[in-house]
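Source: prediction; values computed, not measured.
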Amino acid sequence: MIRKILKWTGITLSVAMLAAVCTYTYMSVSMRSRMNKTYVFDQESIAIPADSAAMARGKHLVAIKGCQDCHGSDLAGKVMNDDGAIGRLVAGNLTFGKGGLPADYNASDWLAALRHGIHQDGKPLIFMPSHETTLLSQQDMAALIAYCRQIPKVDRVLPANDLGPVAVIMSYLGKMPLLSVEKIDHNKSMIARADSTEGAAQGQYLAISCSGCHRENFKGGEPLAPGFPPVPDITRSGHVGKWTKAQFITTLTSGQTPEGHVLKNEDMPWKMTAQYTRSELSSLYDYLQSIQ
Ligand code: HEC
Ligand code: HEC
């Protein structure tokens, strides 16, 4: 009797394991083929300015859009993550140094990356938040590209991306934004310029950068990856709803909330939000407070 039970337990376990292996293999093959797909979009071009106001705006955008959190403070790229579970995620060298962008990487290639989420060869960018940069106004896009194209060359050759099992499963299930090319509405054209007067409209434009983590409705949700804290609601119905504008600004510039909670920059990039102007933070507050 015992033997029979053991035998059946063994068989059941083997079947379950085989099923798990098959499911994983299927997910992995499917993700690999999505990552290797070649996309073709109409080539776009925009006038790239060279004046000092545009350069300053581009520099500010690099700071407040978190480009440096992933691509490094010199934008010459870095290995963002390297472990057995998520795997190796690498944000490329954006300079024209060794290991960086090819010498013929032109403004249309920048647009293809920032608007459509693809490399120069049409392959999808992995883990680059192009679904957010695609919503930049044409004026901001041009300033961003103008600034990035003239940053000092840095020689840095980085290893290739190599996804681990957790990244494969989470992105297959749509819980990790690996392929922004699949999320973008590629027919949507850029707005000419964003509202730059302080207030909720400007806040809405800026808050696109918060939506990747705090979700599109800003109501937060599950942790972004295993081992990270849950993402809080930052609308009127969350803590932010009880804070004054001054408290909100202090939180986003110091990393400490009125409740005394200390935000780690790796979880909530407050060193990025600290670089928003007071006026931009004020607009963000107005917008978030307007969401019930
Ligand atoms: C969440 C992290 C993250 C942020 C934030 C981010 N990037 Fe990236 N970016 C990546 C990764 C990862 C890649 C590499 C994708 C690949 O190799 O498939 C990448 C690739 C790129 C590429 C394409 C380079 C190439 O080799 O084709 C450009 C251009 C780029 N990023 C510009 C920017 C700019 C400008 C910003 C700020 C507005 C920015 N990125 C913000 C992670 C990020
Ligand atoms: C990379 C993901 C990420 C991005 C981008 C991000 N946040 Fe957060 N944010 C978090 C996480 C995670 C926490 C919770 C951290 C913790 O519990 O320690 C948090 C916490 C906060 C808090 C504290 C809320 C509370 O209830 O204490 C505020 C306010 C906040 N974020 C605002 C913003 C705003 C505004 C933006 C956009 C400008 C933004 N965040 C962008 C991940 C992010």
Side-chain angles (χ1 to χ4, degrees), residues 31-32 34-41 43-44 46 48 58-83 86-136 140-164 167-168 170-171 176-184 186 209 212-213 224-225 265-266 269 271-272:
M31 283 312 298
R32 234 155 277 278
R34 280 158 67 185
M35 280 164 20
N36 273 316
K37 199 169 153 185
T38 304
Y39 290 83
V40 183
F41 301 109
Q43 259 216 354
E44 281 177 297
I46 53 171
I48 305 297
K59 187 174 183 194
H60 183 60
L61 286 165
V62 163
I64 68 170
K65 297 293 166 192
C67 315
Q68 289 157 311
D69 283 339
C70 296
H71 291 277
S73 51
D74 55 4
L75 294 181
K78 70 173 192 197
V79 176
M80 296 163 52
N81 191 80
D82 199 354
D83 62 41
I86 307 259
R88 188 168 60 226
L89 287 177
V90 184
N93 180 346
L94 302 180
T95 77
F96 285 102
K98 199 170 157 224
L101 299 172
D104 65 350
Y105 199 85
N106 60 29
S108 301
D109 295 322
W110 274 97
L111 271 180
L114 300 172
R115 291 252 301 137
H116 300 295
I118 56 171
H119 282 286
Q120 200 181 31
D121 64 2
K123 297 270 199 283
L125 297 176
I126 311 295
F127 208 60
M128 158 71 196
S130 304
H131 53 286
E132 292 176 13
T133 51
T134 194
L135 299 172
L136 285 169
D140 279 348
M141 187 67 91
L144 180 62
I145 296 174
Y147 176 76
C148 288
R149 277 170 61 94
Q150 55 81 60
I151 47 170
K153 282 185 191 177
V154 178
D155 296 335
R156 188 173 302 146
V157 181
L158 293 156
N161 279 314
D162 184 14
L163 297 192
V168 169
M170 285 185 60
S171 36
M176 200 169 151
L178 210 62
L179 298 171
S180 55
V181 66
E182 295 180 352
K183 292 175 69 177
I184 295 172
H186 297 281
S209 308
C213 299
L224 297 158
N265 189 57
E266 306 87 79
K271 288 185 181 158
M272 170 188 90

- I would like to know whether Val181 and His186 meet side-chain contact (heavy atoms from CB on, under 4.5 Å); could you show each step before the answer? CA-CA 8 Å; Val181 66; His186 297 281; 3.9 Å; yes
Please report the closest heavy-atom contact between [X] and [Y], naming both atoms and the distance.
X	Y	answer
Val168	Arg32	CG2-NH2, 4.5 Å
Asp69	Lys78	O-NZ, 2.8 Å
Leu101	Leu94	CD1-O, 3.4 Å
Ala113	Ser130	O-OG, 2.9 Å
Arg149	Phe96	O-CE1, 3.8 Å
Leu158	Ala76	CD1-O, 4.0 Å

Which value, rounded to the nearest 0.5 Å, describes the distance between [X] atom [atom1] and [Y] atom [atom2]?
X	Y	atom1	atom2	answer
Leu61	Ile145	CG	CD1	11.0 Å
Leu179	Lys37	CG	NZ	10.0 Å
His71	Thr95	NE2	OG1	12.0 Å
Leu89	Leu163	CG	CG	6.5 Å
Lys65	Thr133	NZ	OG1	9.5 Å
Glu266	Lys271	CD	NZ	7.5 Å

Determine whether a donor-acceptor pair (N or O, by modelled atom type, separation under 3.5 Å) exists between the side chain of [X] and the backbone of [Y].
X	Y	value
Arg156	Gly77	yes
Asp155	Gly97	no
Asn81	Gly87	yes

- Task: List the steps and the verdict of side-chain contact (heavy atoms from CB on, under 4.5 Å) for Ile118 and Lys123.
- Result: CA-CA 5 Å; Ile118 56 171; Lys123 297 270 199 283; over 6 Å; no
Do the side chains of [Y] and [X] get nearer than 4.5 Å, heavy atoms only?
X	Y	result
Ile64	Ser209	no
His116	Leu125	no
Gln43	Leu111	no
Val90	Met80	no

- Query: Is there a side-chain contact (heavy atoms from CB on, under 4.5 Å) between Glu182 and Tyr39 once you walk through the steps?
  - Reply: CA-CA 10 Å; Glu182 295 180 352; Tyr39 290 83; 3.8 Å; yes
- Applying side-chain contact (heavy atoms from CB on, under 4.5 Å), run through Met176 and Phe127 and close with a yes or a no. CA-CA 8 Å; Met176 200 169 151; Phe127 208 60; 4.1 Å; yes
